[in-house]
4 protein chains.
Amino acid sequence: MTADPETTLRADARRNRDQILAAAKNIFAMSGPEVPMEEIARAAGVGVGTLYRRFPDRDALVRAVAMDNFERVLIDARVIAEEETSSWRALERLLRQSVELQLSVQLAMVSHRALVILKSDPEVRRLRDEILSVLDGFVDGAKAEGKLRDDVGAGDIAILFATLLRQMRAKSPEVAEMAARRCVGIMIDGLSARPGSALPGRPITSGDLDPD
Amino acid sequence: MTADPETTLRADARRNRDQILAAAKNIFAMSGPEVPMEEIARAAGVGVGTLYRRFPDRDALVRAVAMDNFERVLIDARVIAEEETSSWRALERLLRQSVELQLSVQLAMVSHRALVILKSDPEVRRLRDEILSVLDGFVDGAKAEGKLRDDVGAGDIAILFATLLRQMRAKSPEVAEMAARRCVGIMIDGLSARPGSALPGRPITSGDLDPD
Amino acid sequence: MTADPETTLRADARRNRDQILAAAKNIFAMSGPEVPMEEIARAAGVGVGTLYRRFPDRDALVRAVAMDNFERVLIDARVIAEEETSSWRALERLLRQSVELQLSVQLAMVSHRALVILKSDPEVRRLRDEILSVLDGFVDGAKAEGKLRDDVGAGDIAILFATLLRQMRAKSPEVAEMAARRCVGIMIDGLSARPGSALPGRPITSGDLDPD
Amino acid sequence: MTADPETTLRADARRNRDQILAAAKNIFAMSGPEVPMEEIARAAGVGVGTLYRRFPDRDALVRAVAMDNFERVLIDARVIAEEETSSWRALERLLRQSVELQLSVQLAMVSHRALVILKSDPEVRRLRDEILSVLDGFVDGAKAEGKLRDDVGAGDIAILFATLLRQMRAKSPEVAEMAARRCVGIMIDGLSARPGSALPGRPITSGDLDPD
DNA sequence: TATGAATGAGTATTCATTCAT
DNA sequence: CATGAATGAATACTCATTCAT
């Protein structure tokens, strides 16, 4: 039974690792995944060497941040699935609530580089697929409940998700945050089962997402 | 009647400039505004030296690309305003149609750096403000027509715009394009005047957008 | 007919390339192939950037130096083959004369890293094999002449070669140079056809060299 | 009678030191004296910390390895001097037998850095001088016996020694080992007292060797 | 005392920008 | 003018050495 890295680390090493991850998450969210490694190290209060000891190169760090974010989203989604009896409500809540998701999605999408890194990582894929499978459940249920329009699939929602929940830059952080919540609101209204007009194309399923 | 040398040179120079602009637009859209200048020059079929003769530095090029995109959007918007009698229809069409807009917005948003560059440029500001003022007209009109929900402002739409119309990468190009059109559809449904639920906060006006 | 790089280069670029190669040759010979790139650039009187423009990374430079040295050796060997009628004399002269060879062999052997780089390069292999084939001719001829002991092969000589002709460090450069010449002399006497004692093992042929 | 704590510790420490020395010897021989300290520690089965407790820095370790090798050579040489009545035989045997010598010489010569380290160390010098003095005895005796050519000195032999006995890399280990023995054989034949040709320069004495 | 984590100076490499051809 | 070579500052990454556990 080999201990997994997260468990094995010495207490201080552990603390450092967490600080680095947190710092990277913030900085990536703010300035994209190309920021100088030194800046991340500084923000985490460690030397570059320490950063590199924990994450052998930038790609490893990007991956780790993405994993961490996705994990939180998955946990959120599962808690919601437990607590809500209506799938439509679950869907709404997932969309509205997930702040972590903002970050992960943002990271995943903001840069070509990050995208390439993440797509090649089987662990990230696995996590994403788990999230999508929970989402699939919500979508099916909400359609059955008659609350979700029939002409959308989980893929549509994932894309809206990914696209909408990016950090909005606007006047002030307050406006930005308000804007984010309003966007989600409009989107949810657009999704609910009394559409004004049919959507073009066909429902996008989770299987349609990056089939490469 | 052969053109006199000066005119000939200008024509040449013009062609060069246009090639560079077109190349930069494509490459920026594809790989973000941080790509090596040399790559842009290569794509444009000129040497770096020529690129630098036309655009003194990267910022100038980013600005020029953005200007060019915004100009097209503005032209589109004005044509639409001419042709459509219903403001709601105009709004819809603007949102659905503007492919150029995708590019400009994408560029503007994709990188912190680009954002900073653009925000500090008065000409870009001016153009953007003109676009927003046309949009304001659409919004007011559509509300008056009872087609647009009352609790949104032009700022809301601009943000949705900016956020939604980003190019979706990955997936097959066909799915990506379909996804984009569907996202706009859902958003328009969400905007139309029979909301399921009130939006949080207050309408975001065009004045709320980065006044810093 | 695409011009090969050596021909195409602009005059100044050409000059720079040659200076870099010369500088690298000297410095590698003196301090091994791990010296800072910057030092090489400085010695060549160019900026690091220029060095990297010509040789994309250290490995490329190491390869280029080795190629250059081997080429000179091959040229030497062919001239000698032309001029000498006795193979034994040719062999002797090749061993005694080749100063370039010192450098190439030295470089090739001095560091694990260099060795790995060179072995994986097909062009270097090809050159080396050509040299060995000329050497094979000398060996066969010299044995037929009764001047070279029968119990050695071209591989033995190549190894002695490679091992002996390394730069000797000693008191002064003069002593070092004298030492080198004396070593070769002793070796040649040891090779000549009146041995005091049989050698262990069996003749090493050129085929025995790095069979991996 | 259980060992008292202090003795136990010493034994431990001793074992550690020996393991490190052995590991360093192997790794230096294989990859040169520039390998990461961490790699040496790993090979020795200890942490870097322990390595540094025993040897304050890399130089100290290099010195220790060299000392250890030289000591073994000296012991060999003295045993040989005891056992052999003919100086020429003693010389031959020393050259043929000393495997340890391979290592020490290799280490001493392979890198500029190591050379500098060793040359500045009085203890290493002392050892080396003792070896040379034994060698001087062999040389003088063998000349008197008429077995060693008159035109060489102990310095010539030391240099041949140092140069020839370097570990041959590449090839199969078997060929490499055979090659080493054959080189020594050729060299010995070249040294024996029926030279085909006079050597250039003058005999190199042990005093000629790096007196700087 | 042994361990391995943290540090940061040293190097490799890239790329925006300038300038000779 | 167009070109692409040269420059060097910025940044990634490695590894010797120190120090907390």
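Throughout, a chain's letter reflects where its sequence line sits, starting with A, and its residues are numbered from 1.
Without hydrogens or angle criteria, C:R58 side chain to C:P33 main chain gives a donor-acceptor distance under 3.5 Å. Remark: side-chain polar atoms of A:R42 are not paired, donor with acceptor, to backbone N or O of A:M37 under 3.5 angstrom.
With the 3.5 Å cutoff on both pairing distances, Watson-Crick and G-U pairs in DNA chain E assemble into runs of at least 3 at E:2-21 with F:2-21.
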Q.
For a quick check, with a 4.0 angstrom heavy-atom cut-off, what is the B/S/- contact string for nucleotides 11-21 of chain F, read 5' to 3'?
A. -SBB-SBB---
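Side-chain contact between C:D18 and C:R15: absent, with no pair of heavy atoms (C-beta onward) separated by less than 4.5 Å. By the 4.5 Å heavy-atom criterion applied to side chains, D:D121 and D:R125 are not counted as neighbours. In this structure, D:L127 and D:E123 have side chains that are not in contact, with every pair of non-hydrogen atoms separated by 4.5 Å or more.
Between B:N16 and F:dA2 there is a side-chain polar atom (N or O) within less than 4.0 angstrom of OP1 or OP2. For the pair D:R53 and E:dT1, the criterion of a side-chain N or O lying under 4.0 Å from OP1 or OP2 is met. Within the structure, a side-chain polar atom (N or O) of A:R54 is placed less than 4.0 Å from OP1 or OP2 of E:dA6. Residue C:T50 places no side-chain N or O under 4.0 Å from the OP1 or OP2 atom of F:dA5.
A straight line from CG of C:L61 to C1' of E:dT11 spans 15 Å, rounded to a whole angstrom. Atom CZ in A:R42 sits about 15 Å away from atom C1' in E:dT7, given to the nearest Å. Counting to the nearest Å, the C1' atom of E:dA6 and the CZ atom of A:F55 are 15 Å from each other.
Taken to the nearest 0.5 Å, the CD1 atom of B:I40 stands 6.0 Å off from the CD1 atom of B:I27.
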Without placing hydrogens or testing angles, list every side-chain donor-acceptor pair under 3.5 Å for residues 43-57 of chain D, not counting sequence neighbours.
residue, atom, partner, partner atom, Å
D:D57, OD1, D:D59, N, 3.3
D:D57, OD1, D:A60, N, 3.0

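Other residues, nucleotides and ligands contribute more than 12 heavy atoms inside 6.0 Å of the CD atom of C:E39.
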